[in-house]
Amino acid sequence: MPSMHEYTEETETLAQSILAFARSRIAEDQPLDHAAEPEELDRKAGRTITPGGIGGAGALRVWAEVLAPATLSPDHPSFLAFVPGAPTKASVLFDLAVSASATYAGSWLEGAGAVWAENQVLRWLADVAGMPAGAGGVFVSGGTAGNLSALVAARHTAAAKTPARGKARPPRWIVACADTVHSSVVSAARVMDVDVLAVPHDERGRLTGSALTTALDRLEDEGPFAVVASAGSTNAGVVDDLEGIARVCGDRGIWLHVDGAYGGAALLAPSVRDRFRGIEMVDSFIVDPHKWLFAPYDSCALLYRDPSLARAAHRQNASYLDTLNAGTDWNASDYAHHLSRRARGLPLWFSLATHGTDAYRDAVERVLTVTRETAEEIARRPELELLMEPELSVVLFRRLSWAPEDYDAWWPRLLAEQIGFVQPTSWEGERVARLCFVNPRTTMDHVRAILDTMA
Ligand SMILES: *Cc1c(COP(=O)(O)O)cnc(C)c1O
């Protein structure tokens, strides 16, 4: 009986069919596809987990014929809902290579080559943001994990400082942010059992240094240990007043974390780079390559100005880890809330190494151009109204005379007809339409087809 860990003739056949399947997914545009009801999947897929197994060919058939079509394609050029993704071919191909190489990227001892390559990418991102030579970090699963890990490092740093300042710990730790901050920051605060100081946003939905000052002064509290600023809010794609916020944080000795999960990629684009002024002063920063940096799921680059503070917060200690912790090696697991880790930065590394950073700059600029053209197109259509000029690549607009129900009926129809995948959102209490661009393959033809459905 051949073991399932041996490479047999059967495995070879399976390799051929899986590679052929993967190749077709990479080479050919995939439809947007639809979600399905669980009962439909039960019926079509049947039982897949059985004592004897259904065989690789059988399982692949179920995946290709039933399950994959019930899985949307965020890299479709008409997928403009939430925040899509648009991995390069090189990044997807190399993701296969990463999977095929049992790489443990938690420690330098086990994963030196992988961690070195990831660190090259992190260094590049740190340079793009203007962070100092000592900056460093790690790739984690997504912005949610990145924000949590950064805030844990921030709180640990503040807690370590309090005795030195001759003060007791505050009764409650507080993280300050705009009331428009991403939901993951509120989730991180809940996990950490800290309070959120939600600071009112300005007319464009941004946190400003002056609003932050007012809110902190009113508090008269030692609790604030971190401020989270957004470098590209998810809902409106606007960048907080990073320079003003950084000044307030610097004056008060509060950790500044910048959440660029979605928008950080736009640091590469000369046309909008000045919106990020002040980012060089961050204590920590994240950007999700699986959003606008053209890498597959799941990947978030997490950077710290002083990685030793993160290490102090996150390093796990145990007898079986003693040898790893004894030296001065760069152990990637020390910089976030995790231990074992996939080398999630490698697909981006390979693609960047392949194409060069200029190609990334151009691809981000191209997305910004289509966004601006979309705003112009909306302004030309009498039934549509732009809510604000896009700052990055999110467009918010209303369809005049539509009620909230009209928006909620609109998007399922578009998906059913495979015209596009969009989602409404709210702006200042009003139901509105939102398009989010990250895919350089999205053209004005894709956009017009969607806007035509609102005529
Ligand atoms: C998407 C997003 C997150 C969460 O990132 P995940 O990768 O989905 O966990 C956090 N912040 C912002 C601004 C985002 O757009």
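In this chain, numbering begins with 1 at the start of the sequence shown. What you are looking at is a predicted structure, and each value in this text was computed from that prediction instead of being measured. These values consider heavy atoms only, across backbone and side chains, with no hydrogens, waters or symmetry-generated copies.
A295 approaches L348 most closely through the heavy-atom pair CB-CB, 4.3 Å. Contact between C300 and G146 at its shortest, heavy atoms only, is SG-CA, 4.2 Å. Of all non-hydrogen atoms in G232 and L392, the two that sit nearest each other are CA-CD1, 3.7 Å. Contact between S184 and N147 at its shortest, heavy atoms only, is OG-ND2, 3.1 Å. Smallest separation of non-hydrogen atoms from P224 and L216: CG-CD2, 3.8 Å. In terms of heavy atoms, A215 sits closest to V199 at CB-CG2, 3.8 Å.
Between D195 and V175 the shortest side-chain heavy-atom distance does not fall below 4.5 Å. Between R342 and V98 there is a side-chain heavy-atom pair separated by less than 4.5 Å. E118 has its side chain out of reach of V138: every pair of non-hydrogen atoms, C-beta onward, lies at least 4.5 Å apart. In this structure, the side chains of I26 and R23 stay at 4.5 Å or more apart for every pair of heavy atoms. Considering only heavy atoms from C-beta on, I245 comes within 4.5 Å of V227 through its side chain. Using a 4.5 Å heavy-atom threshold, the side chains of P347 and P87 count as separate. Side-chain contact check for F21 versus W63: some heavy-atom pair is nearer than 4.5 Å. Here the side chains of R275 and V272 are in contact, with some heavy-atom distance below 4.5 Å.
In K89, the NZ atom is crowded: over 12 heavy atoms of neighbouring residues, nucleotides or ligands sit closer than 6.0 Å. Around CZ of R172, the count of heavy atoms belonging to other residues, nucleotides or ligands within 6.0 Å exceeds 12. Within 6.0 Å of atom CD in E9, 12 or fewer heavy atoms from other residues, nucleotides or ligands are found, so the atom counts as exposed in its surroundings. For H355, the NE2 atom counts as densely surrounded, since its 6.0 Å shell holds more than 12 non-hydrogen atoms of other residues, nucleotides or ligands. Within a 6.0 Å sphere centred on CZ of R123, heavy atoms belonging to other residues, nucleotides or ligands number more than 12.
With hydrogens and angles ignored, the 3.5 Å screen pairs no side-chain donor or acceptor of D240 with any backbone N or O of L242. At least one donor-acceptor pair closer than 3.5 Å links the side chain of D202 to the backbone N or O of R204. Although no hydrogens or angles enter the test, the distance criterion places a donor-acceptor pair under 3.5 Å between the side chain of S333 and the main chain of G106. Side-chain atoms of S91 come within 3.5 Å of backbone N or O of F294 as a donor-acceptor pair. Between the R361 side chain and the A269 main chain, no donor and acceptor come within less than 3.5 Å of each other. T442 places a side-chain N or O within donor-acceptor distance of the main-chain N or O of P77, the cut-off being under 3.5 Å. Not a single donor-acceptor pair under 3.5 Å links the side chain of E222 to the backbone N or O of P170. Side chain of T157 to main chain of A153: a donor-acceptor pair is present (N/O by atom type, distance under 3.5 Å, no hydrogens or angles). Checked by atom type and distance alone, the side chain of N331 pairs as donor or acceptor with a backbone atom of L324 at under 3.5 Å. Judged by distance alone, with hydrogens and angles left aside, the side-chain atoms of T103 form no donor-acceptor pair with the main-chain N or O of A105 at under 3.5 Å.
Side-chain polar atoms of S107 and E110 form a donor-acceptor pair below 3.5 angstrom. No side-chain donor-acceptor contact under 3.5 Å links N439 and D75. Using modelled atom types, one finds a donor on one side chain and an acceptor on the other under 3.5 Å when comparing H257 with S284. For the residue pair T11 and T8, a side-chain donor N or O sits within less than 3.5 Å of a side-chain acceptor on the partner. With no hydrogens or angles considered, no side-chain donor-acceptor pair links D259 and H182 at under 3.5 Å. Side-chain contact annotation: T213 with S210, donor-acceptor N/O pair under 3.5 Å absent. Side-chain atoms of R434 and Q423 form no donor-acceptor pair, as typed in the model, at a separation below 3.5 Å. A donor-acceptor contact closer than 3.5 angstrom is absent between the side chains of S233 and Y262.
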(request) Given salt bridge (charged side-chain N to carboxylate O under 4.0 Å, His left out), test R206 with D241 step by step and report yes or no. (result) CA-CA 7 Å; R206 301 172 313 170; D241 164 27; over 6 Å; no

(request) Kindly determine whether S299 and K291 satisfy side chain to side chain contact (heavy atoms under 4.5 Å, CB included), including the steps that lead there. (result) CA-CA 9 Å; S299 184; K291 287 180 171 169; over 6 Å; no

(request) With side chain to side chain contact (heavy atoms under 4.5 Å, CB included) as the test, would you mind laying out the steps for V394 and L435 before giving the verdict? (result) CA-CA 6 Å; V394 174; L435 303 176; over 6 Å; no

(request) Take F421 and F82, measure what side chain to side chain contact (heavy atoms under 4.5 Å, CB included) needs, and give me the verdict at the end. (result) CA-CA 9 Å; F421 184 49; F82 308 118; 3.7 Å; yes

(request) Take S340 and Y104 through the side chain to side chain contact (heavy atoms under 4.5 Å, CB included) test and state the conclusion after the steps. (result) CA-CA 7 Å; S340 299; Y104 178 91; 3.5 Å; yes

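Rounded to the nearest 0.5 angstrom, L321 CG and N325 CG are separated by 6.0 Å. Atom CG of L346 and atom CZ of F94 lie 5.5 Å apart (nearest 0.5 Å). With values rounded to the nearest 0.5 angstrom, E12 atom CD is found 12.0 Å from E10 atom CD. Once rounded to the nearest 0.5 Å, the distance linking CG of L207 with OG1 of T180 reads 7.5 Å. Remark: L302 CG to D288 CG distance equals 10.5 Å, nearest 0.5 Å. Note that CG of D221 and CD1 of I174 are 4.0 Å apart. Values are rounded to the nearest 0.5 Å.
Taking the six-membered ring for Trp and the full ring otherwise, F225 and W255 have centroids separated by 6.0 Å or more. The aromatic ring centroids of Y335 and W330 lie less than 6.0 Å from each other.
Using a 4.0 Å cut-off between charged side-chain N and carboxylate O, D217 and R252 make a salt bridge. D42 and R47 are not joined by a salt bridge, as no carboxylate oxygen comes within less than 4.0 angstrom of a charged side-chain nitrogen.
The aromatic rings of Y297 and H290 are tilted relative to each other, their planes meeting at an angle between 30° and 60°.
Between L415 and the options V422, L72, D33, a side-chain contact (heavy atoms from CB on, under 4.5 Å) holds for only L72.
The list of salt bridge (Lys or Arg N to Asp or Glu O under 4.0 Å) pairs with a residue in residues 295-308, not counting sequence neighbours, reads D298-R344.
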